[in-house]
Number of protein chains: 4
Amino acid sequence: MTVSDVVELEGHIIDSGLMERAFTVVMDLGGEFDIEEFRVGTSKDKESYCRMRVIADDEETLHPILHELHQSGATLAAPTDATLTPAPDDNVVPDGFYSTTNHPTDVRVDGDWVGVDDIEMDCAIVVEGVERDDGRLVVPKGSEVAAETKVLNGIEAGDLVVTGDAGIRVKPPERPRDASGPFGFMRGGVSAERPSASLIRDIAEAIAETKAQGGKVLCVAGPAVIHSGGGPGLARLVREGYVDAISAGNGFAVHDMERSMYGTSLGMDVETMEHPRKGHKHHIYTISEVIRAGGIEAAVEEGLITEGVMYECVDNDRDFVLAGSIRDDGPLPDTITDAVEAQNAIREQARDADLVLMLSSLLHSVAVGNCLPSTTRTVCVDINPATVTQLLDRGSAQAVGMVTDVGTFVPMLAEELLG
Amino acid sequence: MTVSDVVELEGHIIDSGLMERAFTVVMDLGGEFDIEEFRVGTSKDKESYCRMRVIADDEETLHPILHELHQSGATLAAPTDATLTPAPDDNVVPDGFYSTTNHPTDVRVDGDWVGVDDIEMDCAIVVEGVERDDGRLVVPKGSEVAAETKVLNGIEAGDLVVTGDAGIRVKPPERPRDASGPFGFMRGGVSAERPSASLIRDIAEAIAETKAQGGKVLCVAGPAVIHSGGGPGLARLVREGYVDAISAGNGFAVHDMERSMYGTSLGMDVETMEHPRKGHKHHIYTISEVIRAGGIEAAVEEGLITEGVMYECVDNDRDFVLAGSIRDDGPLPDTITDAVEAQNAIREQARDADLVLMLSSLLHSVAVGNCLPSTTRTVCVDINPATVTQLLDRGSAQAVGMVTDVGTFVPMLAEELLG
Amino acid sequence: MTVSDVVELEGHIIDSGLMERAFTVVMDLGGEFDIEEFRVGTSKDKESYCRMRVIADDEETLHPILHELHQSGATLAAPTDATLTPAPDDNVVPDGFYSTTNHPTDVRVDGDWVGVDDIEMDCAIVVEGVERDDGRLVVPKGSEVAAETKVLNGIEAGDLVVTGDAGIRVKPPERPRDASGPFGFMRGGVSAERPSASLIRDIAEAIAETKAQGGKVLCVAGPAVIHSGGGPGLARLVREGYVDAISAGNGFAVHDMERSMYGTSLGMDVETMEHPRKGHKHHIYTISEVIRAGGIEAAVEEGLITEGVMYECVDNDRDFVLAGSIRDDGPLPDTITDAVEAQNAIREQARDADLVLMLSSLLHSVAVGNCLPSTTRTVCVDINPATVTQLLDRGSAQAVGMVTDVGTFVPMLAEELLG
Amino acid sequence: MTVSDVVELEGHIIDSGLMERAFTVVMDLGGEFDIEEFRVGTSKDKESYCRMRVIADDEETLHPILHELHQSGATLAAPTDATLTPAPDDNVVPDGFYSTTNHPTDVRVDGDWVGVDDIEMDCAIVVEGVERDDGRLVVPKGSEVAAETKVLNGIEAGDLVVTGDAGIRVKPPERPRDASGPFGFMRGGVSAERPSASLIRDIAEAIAETKAQGGKVLCVAGPAVIHSGGGPGLARLVREGYVDAISAGNGFAVHDMERSMYGTSLGMDVETMEHPRKGHKHHIYTISEVIRAGGIEAAVEEGLITEGVMYECVDNDRDFVLAGSIRDDGPLPDTITDAVEAQNAIREQARDADLVLMLSSLLHSVAVGNCLPSTTRTVCVDINPATVTQLLDRGSAQAVGMVTDVGTFVPMLAEELLG
């Protein structure tokens, strides 16, 4: 006795790797397949189609295969509505909840496919506009059905959460028909051996293009941007509008403002590299003074901070989120010390971004990357190849990684964009 | 016209590097010195003494030299009382506040040297038991003078904060007269080329010795401990009492408990490395179930969690602190999401520890290391040499760094200690 | 006006990634395709077939597409004989020479497909047993046609070298129908987050299996194996026959023998880590004494060397190659100082190996990897993830990379295999 | 019963770390000391003096202490002539040979101190101009005594080699009285957190200063310089005379010339990063064509190579050494394939250099570094911090390490120097 089910794949499924992945999933997880129909797109712009019966010895084997195929973009040939189960409690998901990918996703409710808003990976899907009537789900007349992702700490008791794989449609990104600048398709490939200057030029172009199309650029920046001398360049990019928002930590902001107040970063003179030997004290002073002033905006207004990235953010009304961490000094009054609150602020920025520039900040880049759909362009820059690999693995379909020195990258990028 | 002041150094000041540092500081910062007296310790156990006049062109040059000499252990030849200045506001330090090192420190109040409690670097020193009378500071009869470190967010308006360098005595650690196991004196030196097995043996001995002397071992552990298969070994060390407390993040605890509940870590079967392909869902489920149960202790009690590091912590009543971060899923109810609160919990654990074992966790290790006095023994283990270097640079005087795989380190360490 | 040509792909071309690659190549290099026939393998063990017309604007565009398709396993639909052109001079290839992949390859001569011996990447193919008669190539009666790879420095004037892409058939490895231990298919994926102990267990099994099937295990070892304390474990593996051959450098052998002669490695006592402080002198002495004795074998025979990897090689008659490099001290009389000669010795060992274990030696591992066909199993172990990635990228189809400490890996591997 | 001996230290022995090291050596190696006299240099420019009796339980303990003190710059209070022992055979050192440091060294022969020429670490010292008469050594009338270092493979039977520590004087570098640009004193300290642009500016100044003083700049360059797009910048530096000599490998030269011949490096278009997909074939072709032409100079002369680093070397008559290695393709006719011959060529270049710029080439940088005295300024640039650390550890007293991207470093350096 075997069990089976039929799935379909459609689109540029060969060159986007979906067919390869589908075959591999079935074989790796102990199943068999029988291709019932296969139509290849005979030329570049034609799509392909595959209907495949997946066969396994038992339901325990079949189920994970279908789940995985499903998350890779296959759909059940005979779609049914999604199963909705009420969350048993706040912050608790029902048994068998559907855990999202970061790809665009639809959910089928009452025969209609509804797009899931704010797609983000590892979330639950909650459907609104549906009522439970005597155990059955009904869409009241005139009700607008909507679906959105919720992270675990956003789940409320009674939320109608999608469970199982039925009635869900995932659309993984397809290889673009036209090459698109520096961004590779899936794992863009990191290489320390690419010519750095020309790659920086291409990244500059992608930023300029994003801005020209009215898009938003979010920059995630670590303290190394300041230590390594990238502060003035980034400040110019903020001032001139090539960077619309900053996502950083307490440390980044303090180092940046310390530089404005004392010309040092962690006590080191950024221009001459001479150590004035009052060291870390400047760091604490900077925080103390900004606290005294009442926050970053107030400190800029009273003339305490006169240049730098935070100054330009305030002066040009750019959005910034400073997320706290356990290694912070202070912290600044602007720093969001609660991790959940900080994630929510990060999430909002991330959803708004069209291109994300991640500069030397593993912690914050992972946090931002966690909130991004696979369709947002990302640029990851770090001197540590392992960091770049880890960030690219998170899975934007349009990402470029660069193993380089942020202290030379930022000035060269600013030079490309601003001359 | 020049200005000058006289400082003294005393102890094993040559082989502990203090004399070298003193000369270097004076020269690097643009001063001159005149050695007024120098008595060398003629044999190993005799101390040396140096009285040195430091000369500079002006106060602006002299001051940082004296500050730096001072933080390196020099004392002013003619000690005066410390200057105490009230904090102008909550979380704000007075101008010229003294920023601490992590070395044992005394402060002179009313002619007496008072030890500073809970020494920790980059803090302010607050003195209690002193009153201000008409601008002057007096110690009321019967009052007990005490001094302690306070981080910026602990400062309250009116706290009497030490300002300037006068009346402070820092005692940097001296090179031990007897070699002490694997721990190097200052920057123990990291080497990937040391024989790993014998170094692990030495670390095991240091742990056993600490326990034999009634000391406490704190283990800071990252999620890689679990992924790499080090979970069972660490759980045994907790159970058998070689590890008294765990400092970790939300991710560590979830991976550990996921392993107990599903046999997977981030969806990967830890024994066979086969991917059951329900992936990250287990991770979210684990959190959801623990939330439902009401927390880790409750989850252990209701039999949800039956093995692993967190299980052993609960079962054997070991202290654990889970500090939240912006990359967390969930988080667990036990995770302290506020960074300041989490730092305070970490600080308490750190002060209690005699030996700290830092395993593959840069963020948490930095947070713990920030709270440690320079006298606590630390062992830093990471596969990334840059991480080990960064942790050793923080400055325990008795530290050993090991660039190795935590997935082989933990089993071998457990084997050494438990057979 | 466009130009076009027809190619065929056959086999498990979907799940082995060949179809994806073929589509990508055509699009990336500016061509179009028209699928003339496509038969999908309807179940796991059935092969697929694709006949595709590749269209481009001109020959300059078409040619590189065909070349790349070809190296990925496509064949021209209408095969012709390979073009053979005499090498114009020693060490000089004719214009348009065919540069090999590391996949099994056939060449068509006089209507027959002839397998290319000793396949190795970036070589030329030289055909023997063919004569030139009046500008035409003929196979004399009774002559046996053979083809082999030759590196540039092996080419002799007049050698008949394959030029162009016609008449060549490349067989890239296909995804195995059954999973095979720890070895991934293509870029096995390196992860520092796999459970180390179980991965080591799997590697041990793969070695045992190779030996059980009469295969040969070649170990490429760097000096870090000795420094890190892996020497005794590797020596046991050599003695017990789990390692058949050693490929290393002068430094490895000297450190190994220094350990036997003085108990130190680069002057450091391997057991106690105490530095006897005669340091590097031992290193030079070791070389000097082995030179005096007349070489490694002689040094073992006269009792100078009594244990270690080199001792076991001599005692158990295992083949070893020591390749010289510009950072060597000495060198030993056994070290092949000429790079070309050393490559030839390495090549011979590599061709003989069924499984190659690469331990902490980038230079030698690259040299060995350059000579391996894509069908040889390789295990790469290094503490530096960039090294492991670089080695896996070289392209064995069955490779596993492990980012770990060779000083814990070797003892644990020996323990698994030898108890 | 104890044994003892008296040593002296003289100079800036405190701030150069020699006194600290002396005390540490005695204690670490199990001895005691008795300071018989200590005069401190009372101001910056005055030297200190220490006479110390070293005491140990037996000769076996005392000897290594004295050896180590000696290599750190201590001299025996009662100097005697050096012991000279004939080498027993070619490439064989006599028992107890003195192994050199890389510091300036004198040897005492017949009552006179003779400077050792071409100091280099881990060598033997051979004295010339002395004759053996009836077992005694005599300096014949009119004979000029000279001493030089010899590597093991330079030793000839009968060479008079210094054995033991007597009669040798080592002068470790002292901390300069004036700071000197970016160069740190001993282990300059590597930091990824220094401001990159200002550090590059300082390095440019040091190069300009070296050239202004008539000094020579040697650049050790790896293939990554070309891949990463640093080729044109380095070519300009060679042309304009800021780089006097190149030390590299076969791969560097081939990549550089491939770029001139095909505009690619390893088959990748350096400007556009598009892969023309004839890939590695260009690499082999380049070599083949240069072989056909008869070498690099001939290839430049016949117009095959028209730009790049090798072109500028030929065109401007700059010295270059290409040292072979086992991972080379080809190799080029100019590549020295024998490791010993290559070392000799490297040695000659190294001795001639006043400043050495090491760019992304661990193997060649180690080889060059091995030949340098501790007085040569070195700049180490690599993206991998472990590489920079390893190179700095080799011990020039005036070294600066920079963890950065050579693909941004070289253009910025060229821009600084050439505008």
Side-chain angles (χ1 to χ4, degrees), chain B residues 9 12-46 48-55 174-180 184-187 189-193 383-390 393 403, chain D residues 9 12-46 48-55 174-180 184-187 189-193 383-390 393 403:
Chain B
L9 292 104
H12 295 303
I13 56 180
I14 294 179
D15 62 283
S16 298
L18 304 186
M19 273 313 299
E20 175 186 351
R21 178 150 175 71
F23 278 20
T24 303
V25 160
V26 176
M27 289 190 287
D28 279 5
L29 298 183
E32 302 281 333
F33 60 81
D34 180 25
I35 304 287
E36 298 184 347
E37 187 177 348
F38 195 94
R39 290 194 309 270
V40 74
T42 54
S43 65
K44 195 165 99 174
D45 293 315
K46 298 217 181 94
S48 300
Y49 170 82
C50 172
R51 192 173 68 246
M52 164 163 74
R53 177 170 295 275
V54 182
I55 306 143
E174 300 195 330
R175 175 179 296 275
R177 296 293 99 180
D178 298 301
S180 53
F185 174 68
M186 307 302 283
R187 307 211 189 173
V190 194
S191 172
E193 297 199 341
I383 196 102
N384 183 347
T387 297
V388 178
T389 302
Q390 188 179 340
D393 275 0
V403 177
Chain D
L9 293 104
H12 296 304
I13 58 180
I14 293 178
D15 61 284
S16 298
L18 305 186
M19 272 314 299
E20 175 187 350
R21 177 150 177 72
F23 279 20
T24 303
V25 160
V26 175
M27 290 190 288
D28 280 5
L29 299 182
E32 302 281 336
F33 59 81
D34 180 25
I35 304 287
E36 298 185 344
E37 186 177 349
F38 195 96
R39 291 194 308 269
V40 76
T42 53
S43 65
K44 195 164 101 174
D45 294 315
K46 297 218 180 97
S48 300
Y49 170 84
C50 172
R51 193 175 66 246
M52 163 163 75
R53 176 171 297 275
V54 183
I55 306 144
E174 300 195 332
R175 176 178 296 273
R177 296 294 98 181
D178 298 301
S180 52
F185 174 67
M186 306 303 281
R187 309 213 187 172
V190 195
S191 172
E193 298 198 341
I383 196 102
N384 183 348
T387 296
V388 178
T389 303
Q390 187 179 340
D393 275 0
V403 177

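Letters go in sequence order (proteins before strands), and every chain restarts at 1.
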Distance check, rounded to the nearest 0.5 Å: [X] atom [atom1] versus [Y] atom [atom2]?
X	Y	atom1	atom2	answer
B:F23	D:H12	CZ	NE2	10.5 Å
D:E36	B:T42	CD	OG1	10.5 Å
D:I14	B:E20	CD1	CD	9.5 Å
D:R175	B:D28	CZ	CG	6.0 Å

Sorted by chain and number, sequence neighbours left out, side chain to side chain contact (heavy atoms under 4.5 Å, CB included) with B:S43 holds for B:K46

Side chain, backbone, both or neither: which part of B:F38 has a non-hydrogen atom closer than 4.5 Å to chain D?
side chain

Set of residues satisfying side-chain hydrogen bond (donor to acceptor under 3.5 Å, both in side chains) with respect to D:R39, sequence neighbours excluded:
D:E37

Assert top hit (heavy-atom pairs under 4.5 Å, partner chain B, pool D:M27, D:R53, D:M19) equals D:M27

